[in-house]
A.B. asks: 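Below: one structure in structure tokens.
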Number of protein chains: 2
Amino acid sequence: MSMDLGSEGGKNKGHRDRETGTLGKLVSLLDLVALADGPMRFTDILSLSDQPRGTLHRQLSHLVEEGLLEVDRDGRYLIGLRLLTLASRSWARNEFRAVAEPHLHRLQEVTGETVHLGVLRGTEVIYLDKVEGRQSVRMYSQVGNASPAYCTGVGKAALSALDDAELDARISRLEYHPYTEHTLRDISELLSDVSEIRARGYAFDLEEHESGICCVAAPIRSDDGHMLAGISVTGPAYRVTLEKLRAWAPLVVAAADSIMTDMRNRMGPKR
Amino acid sequence: MSMDLGSEGGKNKGHRDRETGTLGKLVSLLDLVALADGPMRFTDILSLSDQPRGTLHRQLSHLVEEGLLEVDRDGRYLIGLRLLTLASRSWARNEFRAVAEPHLHRLQEVTGETVHLGVLRGTEVIYLDKVEGRQSVRMYSQVGNASPAYCTGVGKAALSALDDAELDARISRLEYHPYTEHTLRDISELLSDVSEIRARGYAFDLEEHESGICCVAAPIRSDDGHMLAGISVTGPAYRVTLEKLRAWAPLVVAAADSIMTDMRNRMGPKR
DNA sequence: ATCGAAAGTTCCATTATTCGGAACATAATT
DNA sequence: AATTATGTTCCGAATAATGGAACTTTCGAT
């Protein structure tokens with residue numbers, strides 16, 4: 001297996017027009033339904049997609065036929081369980097995740113706080129795993145979750161491992177949404193944070209994405225620099241002070257390094 | 001939201017020929033790759049799918065373009081993270097799962113063993129959630145997992161809630177794979193087990209799917225009988241004796257009933 | 001290193017599928 | 001009951017997928 005989970009594919013997702021091919025249009029629909037807060041009626045979808053009614057109807061039918069969407073008894077559409085099954089199989093067999101897992105657990109035990117593993121995809125971080133302790137709120141949902149890289153610890157750590165050209169290419173067209181009052185506000189703030197991160201080897205997220213939530217994160221990169229990822233220790237600000245984060249930083253960096261080493265060994269020295 | 005997670009759509013999955021339409025063929029490919037043990041080379045896929053090379057190549061390219069598949073640095077294909085993201089969103093927002101969650105936790109705390117929530121899809125059970133205690137092995141992977149209904153507690157419990165005609169329609173063409181020496185061997189064994197389950201209101205799985213693993217399960221059905229699901233308490237045979245399972249049965253049934261009640265209330269008396 | 005074979009990629013005329021407007025059906029609302 | 005909003009089906013036109021063959025690259029053995 002390979003460590004590569006893809007560094008490409010970071011197309012702008014929000015609302016790219018001109019979907020390419022049949023599949024593109026169908027996947028857009030999936031996205032649309034998945035992004036909604038709940039089941040959608042035919043008309044809801046119709047107004048959000050710019051398809052003619054007949055076309056949309058057939059597209060939805062096909063998606064339902066394949067189990068990618070489901071129709072509830074009120075005729076509303078929701079994401080089908082088939083996707084969950086597909087995703088869970090690939091998750092379970094993901095080698096990178098498997099290699100990282102014991103390290104995440106160790107880190108969780110030592111710090112007592114929640115530990116995340118995420119990979120960088122374009123300008124987003126997708127969380128691959130999460131290990132939480134007793135006292136934390138259950139947030140299963142984090143696995144698979146995509147968040148902007150610029151306001152998360154794992155994301156900024158991963159970004160810091162890019163060379164300047166790549167970094168610039170990815171973050172120059174970003175929209176810097178102010179999630180909290182501490183969220184980085186523009187590219188210059190991000191760049192200066194990244195240079196600090198590079199200097200010290202790890203990143204902080206001080207309530208930048210979610211109020212009251214802080215973390216320390218360290219980058220993980222594959223040998224060929226093709227895949228970027230990161231791990232973090234996260235907790236509530238009232239419990240997790242900056243001093244604590246500083247104290248944990250070396251542990252996080254060490255864990256990240258161990259994961260890289262394990263990955264190298266597992267894959268053999270080839271290439 | 002609706003409780004309906006679909007009772008239709010139980011197409012025979014294994015290797016249905018004659019894929020309908022463009023999407024059908026592409027989803028088959030996704031399945032093929034997801035089912036594999038690891039990343040697949042182009043040729044591996046070529047030999048398993050019966051597509052000409054040019055066609056297959058283009059299909060794979062499209063899937064990669066949409067992020068449903070990814071290519072590792074060795075050119076091998078694996079399931080893309082996009083599926084994980086899509087699936088996790090729908091999971092997080094699944095109302096049935098959300099309603100059941102507190103009940104699962106309560107059941108876990110009382111019994112100390114692992115609790116599962118699964119829905120019946122055709123002749124398979126898909127696990128929607130899992131709550132485990134301290135001492136159990138971490139098996140995240142269970143969520144999203146699909147298993148045959150006839151050899152799992154949740155599955156048999158759900159089957160027992162079908163009327164005879166529906167039950168027969170689903171299980172008559174099954175292949176009864178003997179996972180363990182205790183696995184039900186044919187339709188007659190299943191039918192007699194189901195009638196016992198109906199009589200007592202809950203199901204056992206005594207090492208029928210996995211050696212050394214037992215459980216008690218109770219059925220959950222929506223008002224309209226359209227959706228079938230179940231919950232179970234599962235543990236290793238050396239710790240979880242038949243007496244214990246019997247003792248837990250009323251708790252499991254009560255939890256299942258509570259979930260049904262909550263669901264009814266949440267959805268309002270409409271329809 | 002060199003050759004041969006296997007693997008992977010591109011091309012394009014043909015074929016099958018999707019598109020989308022409009023007519024048709026059904027459910028909700030006044 | 002009439003009216004509107006919503007959902008479904010149809011079919012000629014437009015578009016995308018097909019698949020055979022030619023082409024390029026990678027791999028394995030000598």
Side-chain angles (χ1 to χ4, degrees), chain A residues 1-2 4 6 8 16-30 32-33 36 38-66 68-78 224 226 267-271, chain B residues 2 4 6 8-9 16-30 32-33 36 38-66 68-78 224 226 267-271:
Chain A
M1 289 207 185
S2 161
D4 186 3
E8 301 305 323
R16 45 182 168 164
D17 293 293
R18 277 289 181 182
E19 284 305 338
T20 76
T22 309
L23 182 62
K25 295 163 200 162
L26 293 179
V27 175
S28 292
L29 279 182
L30 277 186
L32 208 159
V33 175
M40 300 180 83
R41 286 196 320 246
F42 180 82
T43 320
D44 302 334
I45 304 177
L46 181 61
S47 65
L48 288 174
S49 79
D50 46 4
Q51 305 276 7
R53 297 198 337 200
T55 302
L56 181 63
H57 189 263
R58 181 181 34 74
Q59 289 171 334
L60 291 174
S61 302
H62 283 167
L63 288 170
V64 169
E65 228 167 75
E66 294 305 325
L68 303 181
L69 287 183
E70 287 173 17
V71 186
D72 71 11
R73 65 182 182 189
D74 300 326
R76 293 174 307 187
Y77 293 87
L78 33 78
D224 53 10
H226 205 58
M267 298 201 307
K270 110 177 168 184
R271 191 175 286 246
Chain B
S2 161
D4 186 3
E8 300 307 322
R16 44 184 169 163
D17 292 293
R18 276 287 182 181
E19 284 305 338
T20 76
T22 310
L23 181 62
K25 294 164 198 159
L26 293 179
V27 175
S28 291
L29 279 181
L30 277 185
L32 208 159
V33 175
M40 300 180 83
R41 285 195 324 243
F42 180 83
T43 319
D44 302 333
I45 304 178
L46 182 60
S47 64
L48 288 174
S49 79
D50 44 4
Q51 306 276 6
R53 298 198 333 205
T55 301
L56 180 64
H57 189 263
R58 181 181 34 75
Q59 290 171 333
L60 291 173
S61 302
H62 283 166
L63 289 169
V64 170
E65 230 168 72
E66 294 303 326
L68 304 181
L69 286 183
E70 286 173 19
V71 186
D72 70 12
R73 66 181 181 192
D74 299 326
R76 294 173 304 185
Y77 293 87
L78 33 79
D224 54 10
H226 206 55
M267 297 200 307
K270 106 179 167 182
R271 191 175 283 250

A.B. asks: Between the protein and nucleotides 12-16 of chain D, list the N/O to N/O atom pairs that are separated by less than 3.5 angstrom.
C.D. replies:
residue	atom	partner	partner atom	Å
D/dA16	O3'	A/Thr22	OG1	3.3

A.B. asks: Just do the side-chain contact (heavy atoms from CB on, under 4.5 Å) check on A/Gln59 and A/Leu56 with the steps written out, would you?
C.D. replies: CA-CA 5 Å; A/Gln59 289 171 334; A/Leu56 181 63; 4.0 Å; yes
A.B. asks: What is the distance from CG of A/Leu56 to C1' of D/dC10, rounded to the nearest Å?
C.D. replies: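 My rounded result for the distance is 17 Å.
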A.B. asks: A/Arg76 CZ to D/dG7 C1': how many Å, rounded?
C.D. replies: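 That distance rounds to 15 Å.
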A.B. asks: Could you check how far CG of B/Leu23 sits from P of D/dA17, rounded to whole Å?
C.D. replies: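 Value for this atom pair: 12 Å.
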A.B. asks: Can you tell me how far apart CG (A/Leu30) and NZ (A/Lys25) are? Round to the nearest 0.5 Å.
C.D. replies: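 With rounding to 0.5 Å, CG (A/Leu30) is 14.5 Å from NZ (A/Lys25).
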A.B. asks: How long is the line joining CG of A/Leu60 and C1' of D/dT8, in whole Å?
C.D. replies: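 Value for this atom pair: 12 Å.
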A.B. asks: Measure from CD on A/Gln59 to P on D/dT9 and round the result to the nearest Å.
C.D. replies: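 Value for this atom pair: 16 Å.
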A.B. asks: Should B/Thr22 and A/Leu23 count as side-chain neighbours, where that means a heavy-atom distance under 4.5 Å?
C.D. replies: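 No; the side chains remain at least 4.5 Å from each other.
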A.B. asks: Can you list, pair by pair, the side-chain donor-acceptor contacts under 3.5 Å of residues 41-49 of chain A, counting residues two or more places apart and other chains?
C.D. replies:
residue	atom	partner	partner atom	Å
A/Asp44	OD2	A/Arg41	N	2.8
A/Ser47	OG	A/Thr43	O	3.4
A/Ser47	OG	A/Asp44	O	2.8
A/Ser49	OG	A/Ile45	O	3.3

A.B. asks: If you take all heavy atoms of A/Val64 and A/Tyr77, which pair is closest and at what distance?
C.D. replies: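 Residues A/Val64 and A/Tyr77, closest heavy atoms: CG2-CE2, 3.8 Å.
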A.B. asks: Taking 4.0 Å as the cut-off, does a side-chain nitrogen or oxygen of B/Gln51 come that near to OP1 or OP2 on D/dA17?
C.D. replies: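 No, B/Gln51 has no side-chain N/O under 4.0 Å of OP1/OP2 on D/dA17.
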A.B. asks: Produce a footprint string for nucleotides 6-11 of chain C: one letter per nucleotide, 5' end first; B if the base is under 4.0 Å from any protein heavy atom, S if only the sugar-phosphate is, - if neither.
C.D. replies: -SBBB-
A.B. asks: Any chance you could lay out the side-chain contact (heavy atoms from CB on, under 4.5 Å) test for B/Val71 and B/Leu60, step after step, and finish with the verdict?
C.D. replies: CA-CA 10 Å; B/Val71 186; B/Leu60 291 173; over 6 Å; no
A.B. asks: Atom CG of A/Leu29 and atom CG of A/Leu69: how far apart are they, to the nearest 0.5 Å?
C.D. replies: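 Interatomic distance, A/Leu29 CG to A/Leu69 CG, rounded to 0.5 Å: 7.5 Å.
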A.B. asks: Under 3.5 Å, side chain of A/Asp74 to main-chain N/O of A/Arg76, donor-acceptor pair present?
C.D. replies: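 Flag not set: sc A/Asp74 to bb A/Arg76 has no pair under 3.5 Å.
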